[in-house]
> 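My questions all concern the structure below.
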Amino acid sequence: MNRRPEGNLYNFAYLDENTKRMIRRAILKAVAVPGHQTPFSSREMPMPYGWGTGGIQVTAAVIGPDDTLKVIDQGSDDTTNAVSIRGFFAKTAGVAVSARTEEASIIQTRHRIPETPLREGQIMVYQVPLPEPLRQLEPRETETRTLHGLNEYGLMHVKLYEDIAKHGQIAASYDYPVMVNDRYIMSPSPIPRFDNPKLDHSPALQLFGAGREKRIYAIPPYTKVKSLDFEDYPFTVQSWNERCAICGAENSYLDELVIDDQGGRLFVCSDSDFCRKRAEAGPKGASRA
Amino acid sequence: MTDQTYSPGLKEPVFDSQAIFRAALSALSLPALKFKLSADRLPQQAPLPPLAAGLALTLLDFDSPAWLSPSWSKAAGWLAFHNGVKPAAPGAASFILAAGLTELPALEQLSPGDERCPERSATVIVNCPRAENELPVYAEGPGLKRPRLLPPSGLSSAFVRFWQANHARYPLGLDLIALNGDGLWALPRSAKLSAEPERRAV
């Protein structure tokens with residue numbers, strides 16, 4: 001059986017084998033120390049930084065001919081970034097692609113974790129722009145590494161406290177810092193804090209790749225992931241008064257759409273696969289337009 | 001040099017190494033669970049047992065110096081020929097390949113990484129072919145929904161002490177991949193071993 005896709009002049013999944021081996025070693029170490037940012041020698045990819053070069057390299061090192069790949073951007077399978085990354089792997093690896101969360105063995109994502117619960121054996125690959133949660137508080141890499149090494153996270157707690165003092169709440173709606181396995185503070189990539197609870201004890205393996213910053217980190221399945229908070233200011237997620245205009249979902253993450261210049265607006269699910277499935281199955285939600 | 005120095009490596013390097021890596025990744029993500037690999041993915045004429053040979057070609061190269069235990073030292077030429085693997089002293093090696101638990105160097109001889117770079121610790125690949133353990137041992141930690149009994153692989157109380165000392169240094173420490181018959185299982189340094197699973201509120 002010829003498993004190379006026809007007309008593909010690249011190596012399987014684009015990267016050469018030496019590069020894959022290097023990334024694979026980094027991934028294994030990242031899994032062994034959950035939440036620790038493992039350096040790797042990130043390669044130039046045929047797309048600009050910021051478009052998911054880290055996630056793509058992780059996916060390329062992990063993916064095989066039997067995998068089914070799903071790629072989402074802001075929860076949607078149909079945005080430019082998601083379509084081009086899916087096309088990239090369909091071309092260079094010839095793997096099956098799917099928009100259905102339950103069919104996918106590897107899900108590369110930017111900004112969202114699917115609403116459909118994940119299962120054991122699935123791999124989530126996150127595209128991470130800024131892997132260092134302490135970077136806004138301490139610009140020097142040598143210092144942040146030392147702080148992680150010494151488990152010295154006072155800076156972060158002061159920052160969260162100042163948020164509460166200024167705004168009355170912890171003012172981070174996405175990329176909300178988490179504590180992994182009671183040891184490392186980790187940036188969960190720009191997912192909304194709505195998705196943070198899905199990180200905790202997820203049955204899926206979660207891999208994070210930052211291409212420009214050359215870091216890989218991971219959360220193994222069934223690992224404790226706690227969103228940082230205070231006893232008197234517990235962690236909360238966003239909620240909406242509206243329901244999805246397409247499928248009527250009340251408990252999914254909603255995007256706001258402006259539909260005219262009269263102030264009309266609609267709320268729809270950000271997870272397009274979840275929304276489609278619900279819309280096909282049940283009665284539609286009331287449109288608030 | 002032996003007759004086997006130039007013996008073949010992986011039949012389909014791209015796809016075989018991917019399958020072997022995924023087994024290793026699954027094993028480290030779900031500790032103490034054995035993942036099987038089919039024999040046709042593995043080099044059968046190498047100077048190492050097929051599983052060790054396949055895993056070595058999947059993970060090791062010129063960037064990852066390796067230490068080979070005495071019974072496996074004859075494979076150094078084969079690893080250099082295929083992947084450019086350089087030999088190293090135990091303390092400087094990123095991979096420790098051992099033919100048996102008794103051939104492992106003492107824990108303090110191996111690199112546990114340092115606080116800033118815990119990823120620089122050694123990965124131990126050890127052959128554990130036996131089919132029973134001296135005592136039941138449970139693993140707990142990330143990747144384990146509930147405590148899991150280690151697969152029978154000839155483990156002794158000495159090994160449990162070795163691993164407990166290793167785990168005590170977390171986040172520093174070794175990661176271990178055990179080769180057992182037709183498959184492999186793993187213990188990341190985050191895994192805690194005990195003779196009895198801790199009682200846990202459900």
Side-chain angles (χ1 to χ4, degrees), chain A residues 3-4 11-13 16-18 20-41 61-67 105 120-121 123 142 144-151 180-181 183-184 201 203-207 216-225, chain B residues 10 12-31 33 55-64 83-85 94-95 113-123 140-146 148 170-177 186-191:
Chain A
R3 282 180 285 193
R4 284 184 177 76
N11 188 29
F12 179 82
D16 62 275
E17 292 303 302
N18 284 337
K20 285 187 198 166
R21 217 178 283 122
M22 170 273 295
I23 297 175
R24 285 168 180 167
R25 285 195 296 262
I27 293 175
L28 293 185
K29 284 298 178 195
V31 169
V33 195
H36 167 67
Q37 300 164 53
T38 305
F40 78 113
S41 63
V62 167
I63 203 164
D66 302 330
D67 280 311
S105 54
E120 203 173 289
I123 300 177
T142 47
T144 52
R145 262 201 215 202
T146 308
L147 293 174
H148 283 293
L150 299 176
N151 201 355
V180 180
N181 191 27
R183 179 56 183 82
Y184 285 101
H201 286 92
L205 169 64
Q206 305 178 77
L207 303 174
I216 287 173
Y217 50 103
I219 306 174
Y222 311 117
T223 299
K224 183 176 170 193
V225 180
Chain B
L10 299 167
E12 283 201 81
V14 174
F15 301 105
D16 292 345
S17 63
Q18 189 272 336
I20 296 168
F21 165 69
R22 279 291 276 276
L25 178 62
S26 303
L28 274 159
S29 315
L30 300 167
L33 193 59
L55 196 57
L57 292 189
T58 299
L59 295 179
L60 277 62
D61 61 22
F62 38 83
D63 283 334
S64 57
N83 280 17
V85 179
S94 14
F95 284 91
D114 63 59
E115 280 82 2
R116 285 201 182 97
C117 306
E119 75 278 358
R120 290 193 190 160
S121 71
T123 304
E140 286 175 73
L144 294 153
K145 201 174 180 179
R146 53 184 73 86
R148 185 178 285 139
Y170 184 84
L172 306 189
L174 310 170
D175 307 308
L176 178 135
I177 302 177
L187 288 178
R189 67 194 84 173
S190 56

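So that the names make sense, note that chain A is the first sequence line, chain B the second, and so on, each numbered from 1.
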> Apply side chain to side chain contact (heavy atoms under 4.5 Å, CB included) to B:Thr123 and A:Lys29, showing your working.
CA-CA 9 Å; B:Thr123 304; A:Lys29 284 298 178 195; 2.8 Å; yes
> May I have the step-by-step check of side chain to side chain donor-acceptor pair (under 3.5 Å) for A:Gln37 and A:Tyr184, ending in yes or no?
CA-CA 9 Å; A:Gln37 300 164 53; A:Tyr184 285 101; over 6 Å; no
> Of the backbone (N, CA, C, O) and the side chain (C-beta and beyond), which part of B:Leu174 lies under 4.5 Å from a heavy atom of chain A, both, or neither?
neither
> Can you say whether B:Asn83 sits under 4.5 Å from chain A via the side chain, the backbone, both, or neither, judging by heavy atoms?
side chain
> Does any heavy atom of chain B fall under 4.5 Å from the side chain of A:Lys20, the backbone, both, or neither of them?
side chain
> Looking only at heavy atoms and a cut-off of under 4.5 Å, which of A:Ile27, A:Val62, A:Thr142 has the most pairs with chain B?
A:Val62
> What part of A:Ala61 gets closer than 4.5 Å to chain B, counting heavy atoms only: side chain, backbone, both or neither?
backbone
> Give, as side chain, backbone, both or neither, the part of A:His148 having an atom under 4.5 angstrom from any heavy atom of chain B.
neither
> Identify which part of A:Asn151 has an atom lying under 4.5 Å from any heavy atom of chain B, answering side chain, backbone, both or neither.
neither
> By a 4.5 Å heavy-atom criterion (distance strictly below it), what part of B:Ser94 contacts chain A: side chain, backbone, both, or neither?
neither
> The criterion is side-chain contact (heavy atoms from CB on, under 4.5 Å); which residues satisfy it with B:Pro188, sequence neighbours excluded?
A:Ala32, B:Leu28, B:Pro31, B:Asp175, B:Ser190, B:Ala191
> With a 4.5 angstrom heavy-atom cut-off, could you sort out which part of A:Leu28 is near chain B: side chain, backbone, both or neither?
both
> Pick one of side chain, backbone, both or neither for A:Arg24, based on which atoms fall under 4.5 Å of a heavy atom in chain B.
both
> If only side-chain N and O atoms count, and only distance matters, is there a donor-acceptor pair under 3.5 Å linking A:Ser105 with A:Asp67?
yes
> Chain B heavy atoms under 4.5 Å from A:Ile123: which part of the residue, side chain, backbone, both or neither?
side chain
> Under 4.5 Å from any heavy atom of chain A, what part of B:Arg116 do you find: side chain, backbone, both or neither?
both
